[in-house]
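Below: one structure, written as structure tokens.
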There are 2 protein chains.
Amino acid sequence: MDAQPRKRPTQADVGRLARVSPAVVSAVVNGRGGGVRVSDQTADRVWEAIRQLGYVPNVAARTLAGGRNNIVGVFTYEAVFPTEAKSFYHDFLAGIEEEAEERGCHILLFTGSRGEGRRRSIYKDGVNTLQLADGAVLLGQDEDREELAELLRDRYPCVFVGRREIAGGDASYAAADYASAAQRMVDFIVEHGHRRIGRIQSAWRHEALIDREAGFVAGCRRHDAAIDSVDTLVAPSGDAVANLVRILIDQQVSCVVTDDHAAAVTACRTARARGLRIPEDLSVVALGDYPGDDAGDQPITTVITPRRQMGMEAVRLLAGLLDDPADTRPRRTVLDCGLRLGTTVAAPPRH
Amino acid sequence: MDAQPRKRPTQADVGRLARVSPAVVSAVVNGRGGGVRVSDQTADRVWEAIRQLGYVPNVAARTLAGGRNNIVGVFTYEAVFPTEAKSFYHDFLAGIEEEAEERGCHILLFTGSRGEGRRRSIYKDGVNTLQLADGAVLLGQDEDREELAELLRDRYPCVFVGRREIAGGDASYAAADYASAAQRMVDFIVEHGHRRIGRIQSAWRHEALIDREAGFVAGCRRHDAAIDSVDTLVAPSGDAVANLVRILIDQQVSCVVTDDHAAAVTACRTARARGLRIPEDLSVVALGDYPGDDAGDQPITTVITPRRQMGMEAVRLLAGLLDDPADTRPRRTVLDCGLRLGTTVAAPPRH
DNA sequence: CTGAAAGCGCTTACAG
DNA sequence: CTGAAAGCGCTTACAG
């Protein structure tokens, strides 16, 4: 057979076969956009030639010439398919996939962006790799804010999944409304009669955590009259949680509120080890869930992140950004969180 | 601020500032590659200009001028991130990601390839969408073999995850060695003393299932002297399994061998409903595992598909294909499967 | 309604 | 050791 490094057919080849100019081929391929009009007959001839030759537009050329390539980028600093916490990104990605598919877009995962070190970066050797795609959705936790600021300065079209305040730039995002969810969670436990609330707060100052805090504080303020005490302890790491739970138990709180699911699970275990029953003796709630299955553990009453919807909405916002680049205002959506009622909340014990 | 659609500095701009030609800038940026040599003085001047202007190479232009784009495609007919069976593709993708990252490649998920119908297809409007990438890894079960045959005819560089015999083409693949694994599984149960074996076989004639069958049959033949009987029943669907299990129980088999994990779980449940204990009264093994967690069920003794390795190997094979396109022979690797020893096998009961 | 031409930003032979 | 030029494959004004 021919062993030559298969040369792909170009617009010129198609044009030659269909006896039209490359420009016409371009117009046909792109749904007669660009002010050029082509008769149905001609279009059919072009399509036939395209089919015969197996022509496919060259992404790079398209991008270079200014057109779009219908590729939505997805960038994460960590592995998209982690070995532990396998399902971490799944629901976000499912939403992104669904919406991208709906719009006829492909998804480009920037896995080849590891610079010098082990870490991925947007600017590989000073080059913004994301440019391969029309725009990108940015996911994940452990970010390089410097780089993100640069990305915004570059005016690269991107949307974050989750709220982000990037210095010097107006980031677009599809976020979860952790603030109101946290507030509703406070409503919920106060309605159950809790008057002494213990709070274990992450030391990390991520927007998602700041929002939880704001909502929690607002909720407590609203129930100021009903609540006797709120003890807030900051956990520098997950390892510290167990100790803090013991402290709160000693302070006689009837309900422990954690930032995330893992901390809530730890709280339950620690309390049980102290001989307390959940929820009879101590209630526990989380202001953030874990995407995986709880695998056997007692289902925690928790705020649910609308991951799938966030993914979908991020793609939608990005599409808007691309469709109207003249409008430079940030696109922002804040989506409602649900509360999942597990089995870890009951009325406080009577003494 | 300026609302203009972000215009970035180019090599030409840098060259103008540094008083050199664009070609020199290119050489400097790319570490003096391309046969062009530049004096250190000049290089410094260029770097200084780059810094001043904040120059960043344009990826699309680079790709266009260069050839390959370092994008590995991944194609599946179904959603890559399914709502049910969430983890179905995870391990494969993790392997693909790991190897792609190692090679500085990005991953393109062909999600925008839905043609007329609801289904994805490689040839959208008669056009091979996969050509957006340098080559592709093909995943999944429910395929369009016609289309795949066409893909091979097109000589598009692609590698399947799992063995495939495509009519009229030599498909490259990274497969699992189900045949030897099945054979070893037969060894295993015979060594445990099983003499009357019941087999529930899927009616589906996928390569992966054909391989299991071949291995199972070979294993039984090898132990011909030891085995009293092998009853093989074909299950047209998963729903039929329970009934077939009852038949096998009536026929006094001491071990049931299924093709997949789900059928094995059904077998266990059905047997238990009949008052049999697993494994004391009946042993059950599966020749294929399920990637998710077994969530509470008794761990099945099963063949393990090396998903991660298959994903990695597929990318490696693809890289080989791309690096040496002159060599048109198919690239094929068959990877060992492990056996997971669950708690569903014991010596057969004595009567 | 269609064609010829310029240009996107880069790399890579090819001359000097 | 350096510059001028062609070309990668496309889109997009611009003429006919």
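Residue numbers begin at 1 in each chain, while the letters A, B, ... track the order of the sequences. All values below come from the heavy atoms of this structure, side chains included, with hydrogens, waters and symmetry mates left out.
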Between P of D/dG9 and CG of A/Leu132, the distance in whole Å: 17 Å
Separation of C/dC1 C1' from A/Arg45 CZ (nearest whole Å): 13 Å
Pair A/Glu150 + A/Arg153, salt bridge at N-O below 4.0 Å: no
Closest to side chain of B/Val20, choosing from D/dG3, D/dT11, C/dT11: D/dG3
OP1 or OP2 of D/dC10 under 4.0 Å from side-chain N/O of A/Ser26: no
Phosphate contact (D/dC1 OP1 or OP2) by B/Thr42 side-chain N/O below 4.0 Å: no
Set of residues satisfying side chain to side chain donor-acceptor pair (under 3.5 Å) with respect to B/Arg164, sequence neighbours excluded: B/Glu143
Listed nucleotide nearest any side-chain atom of A/Arg62, set D/dG3, C/dC10, D/dT11: D/dT11
Below 4.0 Å: OP1/OP2 of C/dT11 and any side-chain N or O of B/Gln11: yes
Taking only nitrogen or oxygen atoms into account, show me every contact under 3.5 Å that the protein makes with nucleotides 5-8 of chain D, one pair per line with its distance.
{"unit_1": "D/dC8", "atom_1": "O2", "unit_2": "B/Ala65", "atom_2": "N", "d": "3.4"}

Contacts of A/Thr76 that satisfy side chain to side chain donor-acceptor pair (under 3.5 Å) - sequence neighbours left out: A/Arg120
Min side-chain heavy-atom separation B/Val315-B/Glu98 under 4.5 Å: no
Interatomic distance where CG belongs to A/Leu53 and P belongs to D/dG9 [whole Å]: 13 Å
Non-hydrogen side-chain atoms of A/Glu313 and A/Val159 separated by less than 4.5 Å: no
Pair A/Arg45 + A/Glu48: basic N to acidic O under 4.0 Å: no
Strand DNA chain C in bracket notation, Watson-Crick/G-U under 3.5 Å with | for pairs to another chain: |||.||||||||.|||
Results of side chain to side chain donor-acceptor pair (under 3.5 Å) for A/Arg19 - residues two or more places apart only: none
B/Phe81 and A/Phe81 aromatic ring geometry - parallel, tilted or perpendicular at 30°/60° bounds: parallel
Listed partners of B/Tyr89 passing side chain to side chain donor-acceptor pair (under 3.5 Å), at least two apart: B/Glu78
B/Arg19 CZ - D/dG3 P separation (whole Å): 11 Å
Rounded distance in Å - CZ (A/Arg16) to P (C/dA4): 13 Å
